[in-house]
Protein chains: 2
Amino acid sequence: MQLKSIHILIVDDHPMVIEGLKTLLSDDERVIVKTHFINGTDALSYLQKDTADVILLDVNLPDINGVEMVPKILNTRANIGIIGLSTYSEPSIINQMIRNGVKGYLLKNATADELVNAIIQVHLGNFYFGSEVQKILADSVTQESSNLPKLTRREKHVLTLIADGKTTNIIAEELFISPLTVETHRRNLMQKLEVSNAASLIKVAIDKKLI
Amino acid sequence: MQLKSIHILIVDDHPMVIEGLKTLLSDDERVIVKTHFINGTDALSYLQKDTADVILLDVNLPDINGVEMVPKILNTRANIGIIGLSTYSEPSIINQMIRNGVKGYLLKNATADELVNAIIQVHLGNFYFGSEVQKILADSVTQESSNLPKLTRREKHVLTLIADGKTTNIIAEELFISPLTVETHRRNLMQKLEVSNAASLIKVAIDKKLI
DNA sequence: ATCAATATACCGGAAAACCAGTAGAAAAAA
DNA sequence: TTTTTTCTACTGGTTTTCCGGTATATTGAT
């Protein structure tokens, strides 16, 4: 029934992880580990000539950041499925990986079942995220959306105009109000978001998804 | 074999879509459409008392924005799977939906197969995105990552410090260089990103994923 | 009708950012 | 090794932001 196995590439600098993955996958005939690399550069140069179906990519490589690896891989071989791997859990990293194009993400404590499942789904072109990863992502959303400072309509408006790079005077003209008023709004915004200048105001506003 | 059908809730203000979905799903005994709502408010108040397994949620509702609906739904019923639906394709909308917690996303030209597949996968706790949706997301990543202004290492570093709300003088102290140099870096950054102040510098830097 | 929140506006002064240039040293690329 | 890029630093001046207050009109909710 199984005519063609899925070819796997492992990119990870921990020998233990490599061996562990190989062992976990050796029992399943649907997948076959082609080879492995212990750094990003070697993996990328391999992909110049050869290819694979699915890459298991560690986030913490010695040379190239895993997050940066993803677009590099996809630029070379657009239809490789990439599954991110890491021991820990930072939601921002996972989010970046997803944005950059990984199709799956697993923590290294994933079971053989999960691993094979992820590989198969990703190879089919679907997404697969381990249950712990999903929990982490869900938590990061709810956590961030809590304790949001309440901005008034006017403040939100002024905020977006500041983000557009408009000065107090320009904003005042656009809103037909005094520059002094605009400044008050800006100051209230900064106070509410607990920052001391416009640059970080924009930063935390975006972080808190107010823009 | 099929003991329990997956209970579906449709939230969409287009009668044609509602009927279409119901017809597409009527043939499959694994899913059963419980009821539907033509606006967000009614759907939310329904969820106060009753529940469902999977919600098919239109993005363009008359009262509440679909993007905002998602967290509202998940706050009430955390383990409902939400599948976003829309006719068109704006990547930013899809991204927002995903960030807010949808488990799937389909365009309205999805086939019955895709639809049922998505429902089943989402109900299992997995993600499912239609092939067109995946293409859109992939395009948006590569498109945005192109024509990026090239920042030097030092500039990137200064950029993040600015985003942290640090002033020129503070940054100079941290980097053991003259404030005048830091200012030069800031000005070069602003020129490269084509903005005229630090606030919008941070904005476009985040937009272009340089931070 | 009343109270709280919001939007409006001001003063004066200090700090920081912004602009237009120039230019040498160090590092990286050719 | 030469060339290019990056990092560094400066002068001198203008504009804008930031801070600590204060204060009234308007709007929204109860």
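Order of the sequence lines fixes the chain letters, A, B, ..., with proteins taken first and strands second; residue numbering starts at 1 for each chain. Predicted, not measured: the structure shown is a model, and the values here were computed from it.
The CZ atom of F37(B) sits 11.0 Å away from atom CD1 of I10(B), with the distance rounded to the nearest 0.5 Å. In this structure, NZ in K208(A) is found 13.5 Å from NZ in K192(A), a value given to the nearest 0.5 Å. Atoms NZ and OG1, from K49(A) and T76(A) in turn, are 12.0 Å apart once rounded to the nearest 0.5 Å. Rounded to the nearest 0.5 angstrom, K103(B) NZ and L124(B) CG are separated by 10.5 Å. For the atom pair CD1 of I82(A) and CZ of R77(A), the computed distance is 12.5 Å after rounding to the nearest 0.5 Å. Taken from CD1 in I8(B) to NE2 in H123(B), the straight-line distance is 8.5 Å, to the nearest 0.5 Å.
At distances below 3.5 Å, at least one donor-acceptor pair connects side-chain atoms of N100(A) with backbone N or O atoms of V67(A). In this structure, Q134(B) contributes its side chain and G125(A) its backbone to a donor-acceptor pair below 3.5 Å. A distance-only check finds a donor-acceptor pair linking the side chain of N39(A) to the backbone of T41(A) [under 3.5 Å]. The main-chain N or O of G40(A) is found under 3.5 Å from a side-chain atom of D63(A) such that the two form a donor-acceptor pair. Side chain of D12(A) to main chain of H14(A): a donor-acceptor pair is present (N/O by atom type, distance under 3.5 Å, no hydrogens or angles).
In this entry the distance linking CD1 of I162(A) with C1' of dT17(D) reads 10 Å, nearest Å. Going from atom CG of N188(A) over to atom P of dT22(D) covers 15 Å, rounded to whole Å. The CZ atom of F176(B) sits 13 Å away from the P atom of dT8(D) (whole-angstrom rounding). The separation between L161(B) atom CG and dC7(D) atom P is 14 Å, rounded to whole Å. One can place CZ of R154(A) at 13 Å from C1' of dT27(D), the figure rounded to the nearest angstrom. Atom pair I177(B):CD1 and dT8(D):P shows a separation of 4 Å (rounding to whole Å applied). Note: CG (L175(B)) to C1' (dT8(D)) measures 12 Å, nearest angstrom. Atom CD1 in I202(B) sits about 10 Å away from atom P in dC18(C), given to the nearest Å.
Considering only side-chain N and O atoms, T181(A) lies under 4.0 angstrom from the phosphate OP1 or OP2 of dA9(C). The side chain of H185(A) places an N or O atom within less than 4.0 Å of a non-bridging phosphate oxygen (OP1 or OP2) of dT8(C). Contact between the side-chain N/O atoms of T152(B) and the OP1/OP2 oxygens of dT5(D) is not found at any separation under 4.0 Å.
The overall bend of the helix from dA1(C)-dT30(D) to dA30(C)-dT1(D), read as the angle between its terminal helix axes built from five base pairs each, is 80° when rounded to 10 degrees.
Checking L85(A), L57(A), V59(A), N95(A) one by one against Y105(A), the side chain to side chain contact (heavy atoms under 4.5 Å, CB included) holds for a single residue, V59(A).
Take the nearest nucleotide of DNA chain C for R153(B) and for S196(B): the residue whose nucleotide is more 5' is S196(B). Of the two residues near DNA chain D, A199(A) and K150(B), the one whose nearest nucleotide lies more 5' is K150(B).
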Would you tabulate the pairs of protein nitrogen or oxygen atoms and nucleotide nitrogen or oxygen atoms of nucleotides 12-17 of chain C closer than 3.5 angstrom?
unit_1, atom_1, unit_2, atom_2, d
dA17(C), OP2, T168(B), N, 3.0
dA17(C), OP2, T168(B), OG1, 2.8

Report each atom pair, protein N/O against N/O of nucleotides 24-26 of chain C, whose distance is under 3.5 angstrom.
none

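Nearest to the side chain of T184(A), among dC7(D), dA9(C), dT8(D), sits dA9(C). Distance from the side chain of L180(B) is smallest to dC10(D) among dA9(C), dA7(C), dC10(D).
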